[in-house]
Amino acid sequence: MSFQKPKGTQDVLPGTVERWQFIEEHAREVCRRFLYREIRTPIFESTELFQRGVGETTDVVEKEMYTFIDRGKRSVTLRPEGTAGVVRAFVENKLYAEPELTKLFYIGPMFRYEQPQAGRYRQFHQFGIEAFGSHDPALDAEVVALGQQFYQALGLRGVSLEINSVGTPVSRASYRGALLAFLEPKRHLLCRDCLSRMERNPIRVLDCKVDQEHFHGAPALLEHLDEESAAHFAKVQSYLDQMGIAYEINPKLVRGLDYYTHTAFEFKAAGIGTIDTIGGGGRYNGLVSEIGGPEHCGVGFGLGLERVLLVLENQGIELPVNMRPLVYFVTMGEEAEQSAMRLLYELRKAGVAAEKDYGGRKMKAQLKSADRLQAKYAAILGEDELKRNEIILKSLATGEQETISPQNLQEHLIKYSR
Ligand code: HAM
């Protein structure tokens with residue numbers, strides 16, 4: 001009998017995991033600069049949270065959730081996204097009572113039952129941020145800026161930013177009428193999903209993946225913005241201009257989740273195929289109260305980390321990840337083994353990445369391992385060296401050797417590692 005990983009999941013093996021670690025550390029570092037602090041919420045939440053939070057008529061809730069009844073007969077769902085859980089935690093822990101803004105980030109797995117393909121998985125990982133407590137459009141612009149800096153500092157090329165305003169529930173009501181008037185005569189051309197969305201949530205229709213060709217000339221939400229929304233959107237743009245962040249206004253951008261108000265945005269990467277959205281987010285002013293909290297506003301994003309890795313790979317961008325040992329001990333004889341164990345222990349304690357041979361192999365085989373692991377030095381210790389209280393330190397890059405005393409090894413290596 002043999003087992004395989006579930007469809008749409010990935011094993012992250014040594015060799016690749018270092019890239020993940022690097023990206024995660026990088027996300028933490030960017031958050032530190034913008035004063036976003038980490039929050040860790042459960043991987044599963046009550047199903048109702050996502051139904052209410054993400055929206056009943058979204059693809060995510062209608063078709064993609066991993067939902068099951070637990071042994072206590074509760075319906076629970078593996079989180080398909082991070083925002084609903086963070087908002088739940090924000091409300092439950094009364095973080096809104098704090099006088100300052102609450103600026104949070106998270107990195108972790110999300111689950112959606114989607115058709116897997118390159119860049120689309122059933123378990124995937126997001127780096128997300130959520131900022132609560134201000135209507136100021138500067139906060140929307142800050143969220144965008146954080147995402148842009150995250151990509152930029154990793155060296156990603158060809159990342160574009162699309163923005164839109166989806167207005168307020170009031171402006172959307174006026175838009176709804178205009179959109180339905182446009183869609184009615186095309187009813188016979190549209191897919192079943194679109195027809196159902198026309199009844200339940202017409203704005204979602206424009207998000208359809210198969211019917212785009214029928215939407216040319218559709219009224220734009222932007223033309224129906226109320227004054228407040230239009231002013232907010234103009235301010236967001238002016239701040240982005242100030243920061244020199246390039247963007248394009250995409251009046252069709254509606255996002256796949258229902259909680260957005262005002263700003264909506266997506267980051268796209270060139271050259272990774274049709275699934276090119278590497279991140280997205282926006283403002284969600286009604287969500288906190290929808291989930292049982294006070295009237296409170298928020299704005300944030302979620303960036304797909306698998307997609308970031310894909311872009312890095314496609315663009316041949318090397319990350320400075322280093323799992324190489326500084327030194328590899330090559331030993332001959334029982335006594336040398338004993339000394340090497342002690343020296344290795346001390347070096348590791350002092351912070352040096354060091355390795356030795358296991359299994360008493362021939363010297364040639366040991367040196368080969370040192371090469372394979374890309375050690376910088378081999379520390380050669382045989383019976384003769386032991387007798388003379390010496391150790392041979394060989395640079396594996398140049399072949400140069402020097403003889404030092406074991407007592408000085410640590411000092412030498414630490415100096416060389418700088
Ligand atoms: P989202 O657009 O559904 O937004 O997802 C954000 C990002 O997660 C996408 O742009 C994509 O990079 C990645 N992603 C989504 N689904 C998959 C998948 N099946 N496989 C691989 N990557 C995927 C949200 O989730 C919102 N919670 C973002 C947000 C936070 N808005 C406000 N705050």
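Counting starts at 1 for both ligands and their atoms, in listed order. Side chains are part of it too, since the values below use all heavy atoms of this structure and drop only hydrogens, waters and symmetry mates. Numbers here simply count residues along the sequence, with the first being 1. Here the structure is a predicted model, which is why all the values come from computation and not from measurement.
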Out of all atoms in ligand 1, which are within 4.0 Å of some heavy atom of [X]? Include the element for each.
X	answer
Gly119	20 (N), 21 (C), 22 (N)
Gly304	7 (C), 8 (O), 12 (O), 13 (C)
Ile278	10 (O), 12 (O)
Gly280	10 (O), 28 (C), 29 (C)
Tyr260	26 (C), 28 (C), 29 (C), 31 (N), 32 (C)
Glu81	25 (O), 26 (C), 27 (N)
Arg120	19 (N), 20 (N)
Gln126	5 (O), 6 (C), 7 (C), 8 (O), 24 (C), 25 (O)

Tell me, please: is [X] in heavy-atom contact with ligand 1, that is, under 4.0 Å?
X	result
Tyr259	yes
Gly128	no
Arg255	yes
Glu306	no

Polar contacts were defined as any N/O atom of the residue lying under 3.5 Å from an N/O atom of the ligand; does this apply to [X] and ligand 1?
X	result
Glu130	yes
Leu257	no
Tyr121	yes

> Should Lys356 and Glu337 count as an ion pair when the cut-off is N to O under 4.0 Å?
Replying inline: yes

> Does Asp357 pair with Lys362 as a salt bridge, N-O distance under 4.0 Å?
Replying inline: no

Which protein non-hydrogen atom lies closest to [atom], naming both residue and atom, and how far is it?
atom	value
atom 3 (O) of ligand 1	Arg112 NH2, 2.8 Å
atom 14 (N) of ligand 1	Phe124 CE1, 3.4 Å
atom 11 (C) of ligand 1	Arg307 NH1, 3.5 Å
atom 30 (C) of ligand 1	Thr83 OG1, 2.9 Å
atom 7 (C) of ligand 1	Gly302 O, 3.4 Å

If you take the centroid of each ring, where Trp contributes its six-membered ring, are [Y] and [X] closer together than 6.0 Å?
X	Y	result
Phe105	Tyr36	no
Phe301	Phe127	yes
Tyr377	Tyr328	no

>> side-chain hydrogen bond (donor to acceptor under 3.5 Å, both in side chains), that's the test. Do His224 and Ser174 meet it? Break it down for me.
In response: CA-CA 7 Å; His224 290 260; Ser174 121; 3.1 Å; yes

> Who passes side-chain contact (heavy atoms from CB on, under 4.5 Å) against Asp211, sequence neighbours left out?
Replying inline: Leu190, Cys191, Cys194, Cys208, His214, Phe215

> In Å, rounded to the nearest 0.5 Å, how long is the span from CZ of Arg197 to CZ of Arg192?
Replying inline: 13.0 Å

> Just how far is it from atom CZ of Arg37 to atom OG1 of Thr102, taken to the nearest 0.5 Å?
Replying inline: 9.5 Å

> Which of these passes side-chain hydrogen bond (donor to acceptor under 3.5 Å, both in side chains) with Arg204: Asp59, Asp258, Thr57?
Replying inline: Asp258

> With Phe132, which residues qualify under ring-ring contact (aromatic ring centres under 6.0 Å, His included), at least two apart?
Replying inline: Phe90

>> Heavy atoms only, cut-off 4.0 Å: how does Phe301 contact ligand 1, side chain, backbone, both, or neither?
In response: backbone

>> Does either side chain, that of Thr398 or that of Ser395, offer a donor lying less than 3.5 Å from an acceptor on the other one?
In response: yes

> Angle class for the Phe267/Tyr151 ring planes (parallel below 30°, perpendicular above 60°, tilted otherwise)?
Replying inline: perpendicular

